[in-house]
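The chain is numbered in sequence order, starting from 1.
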Amino acid sequence: MSASKRTEALLNEYKGNLYEFLTGHHLARLNGIESQFMGNLREDFFSMLSQQEAFIREYYPWLLQDLPGLAQGLGGQLQKAFNSKIKEVSIVGKTNASDKEHQMGEADLLLKLDNNANAYVSVKLSKAGAFVNTKSAGIKSFLGKYFSNCEGVDQAQAKFSEYFDKRYQEMAFELCEKAGVAPSETFEEWKESGFSELPGELSPELRTVFLKSLYDVSNFLFEILNDLNKSDSELFKKSLLPLIGYSRSDMVQATTFYKNTNDSYKLECHRVENDPENSMGELQLKELINRPETSSFDIVFEDRVLQVRVKAMNKFTGKGFKVNCAVKN
């Protein structure tokens, strides 16, 4: 990964952590519980946040002016959505998580309301029109993990895993043969000869071989999901809820969409949404659309698109491939 890509990857992580803190902080201030909010944070959280803020200050200083204003707007929208006094705000995302808090699904904030109910809030900062990553799982666990309620899923997962193993071996052998090294799905001689293990560093000829294998695996997965949908569309649709960000039925998605203009994040809109299946009426699934010459396909709803993509876990010389999901409203 190039230095610029590493810097961008760090930015995406750090600004997300800072944004959930700023949103929670503003929500606490609106309810007069700022001291409680700060007191609930672990000591190592402040150290981590300080380091990440220093990184943003060095490389993207203008963000430290834009993010607080955006977070205040999102906090205000959340306050209106609950229409109730909030007694406690806690950060429970991965930056401040314990084993117990991992049970909270995608939640970044845990709110205790005036009626003693809990509210779980996922906070996101997203470029307008872009896909937002939601869930991912290994090739050999994806179907079993997210579609376990669908009939025949165990057989479907076994079938998919078997196909992946076969197609991966074919890809590995073809790459090795074209590179003039001994064919092997573990790439021993490939590595010894100093060939790159990163997809982006393959020559055009070799990259075509790699991409064709991804396309084939993606097409196979599409057919399996299409069959599950035809078999029982209601169970299939319910299985998709975690993939669009609702592992919990009571999750609240709070997203700020922005436009990046001249090194500035300009607000497009804030969106606060409850579980669409339980709180917004029927979640309308329209169709599954495949793109055979790509490594992804779309599951299209009335109001959003779920993109399912097959990809390597950085290096292609191991079988640690995964299925990545992302949503665009």
Practice prompt. Could you check E234 against K237 for salt bridge (charged side-chain N to carboxylate O under 4.0 Å, His left out), going step by step and ending with a plain yes or no?
Written response: CA-CA 5 Å; E234 284 304 309; K237 187 173 66 173; 3.8 Å; yes
Discussion item. Using salt bridge (charged side-chain N to carboxylate O under 4.0 Å, His left out), reason through K127 and E268 one step at a time and then give a plain yes or no.
Written reply: CA-CA 9 Å; K127 189 173 183 179; E268 173 78 6; over 6 Å; no
Item to complete: May I ask you to check whether F37 and F21 place their ring centers less than 6.0 Å from one another?
Response: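 Ring centroids of F37 and F21 are less than 6.0 Å from each other.
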Worksheet entry | F160/F164 aromatic ring centres below 6.0 Å |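 No; F164 has its ring centre 6.0 Å or more from that of F160.
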Discussion item. Atom CE of residue position M313 - does it have more than 12 heavy atoms of other residues, nucleotides or ligands inside 6.0 Å?
Written reply: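 Open.
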Taking the basic N atoms (NZ, or NE/NH1/NH2) and the acidic carboxylate oxygens, is any pair closer than 4.0 Å for [X] and [Y]?
| X | Y | value |
| --- | --- | --- |
| R57 | E53 | yes |
| D108 | K124 | no |
| K166 | E170 | yes |

Worksheet item: Taking the six-membered ring for Trp, are W190 and F187 parallel (under 30°), tilted (30 to 60°) or perpendicular (over 60°)?
Response: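 Perpendicular, since the angle between the ring planes exceeds 60°.
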Worksheet item: Which of parallel (below 30°), tilted (30 to 60°) and perpendicular (above 60°) describes Y163 and F220?
Response: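 Plane angle under 30°, so parallel.
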Item to complete: Taking S50 for its side chain and F46 for its backbone only, find out whether a donor-acceptor pair lies under 3.5 Å.
Response: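 Not at all, since once roles are kept as given, no pair shorter than 3.5 Å links the two residues.
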Worksheet entry | Heavy-atom donor-acceptor pair, Q157 side chain to G144 backbone, under 3.5 Å |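 The answer is yes, because a donor-acceptor pair under 3.5 Å joins these two groups.
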Worksheet entry | Chi angles and distances behind the side chain to side chain contact (heavy atoms under 4.5 Å, CB included) call for L288, F236 | CA-CA 12 Å; L288 279 69; F236 178 76; 4.2 Å; yes
Fill in: Non-hydrogen side-chain atoms of L18 and L63 separated by less than 4.5 Å
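The answer is no; the side chains never approach within 4.5 Å.
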Item to complete: Any chance you could measure N324, atom CG, to F142, atom CZ, to the nearest 0.5 Å?
Response: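 Going from the CG atom of N324 to the CZ atom of F142 covers 9.5 Å.
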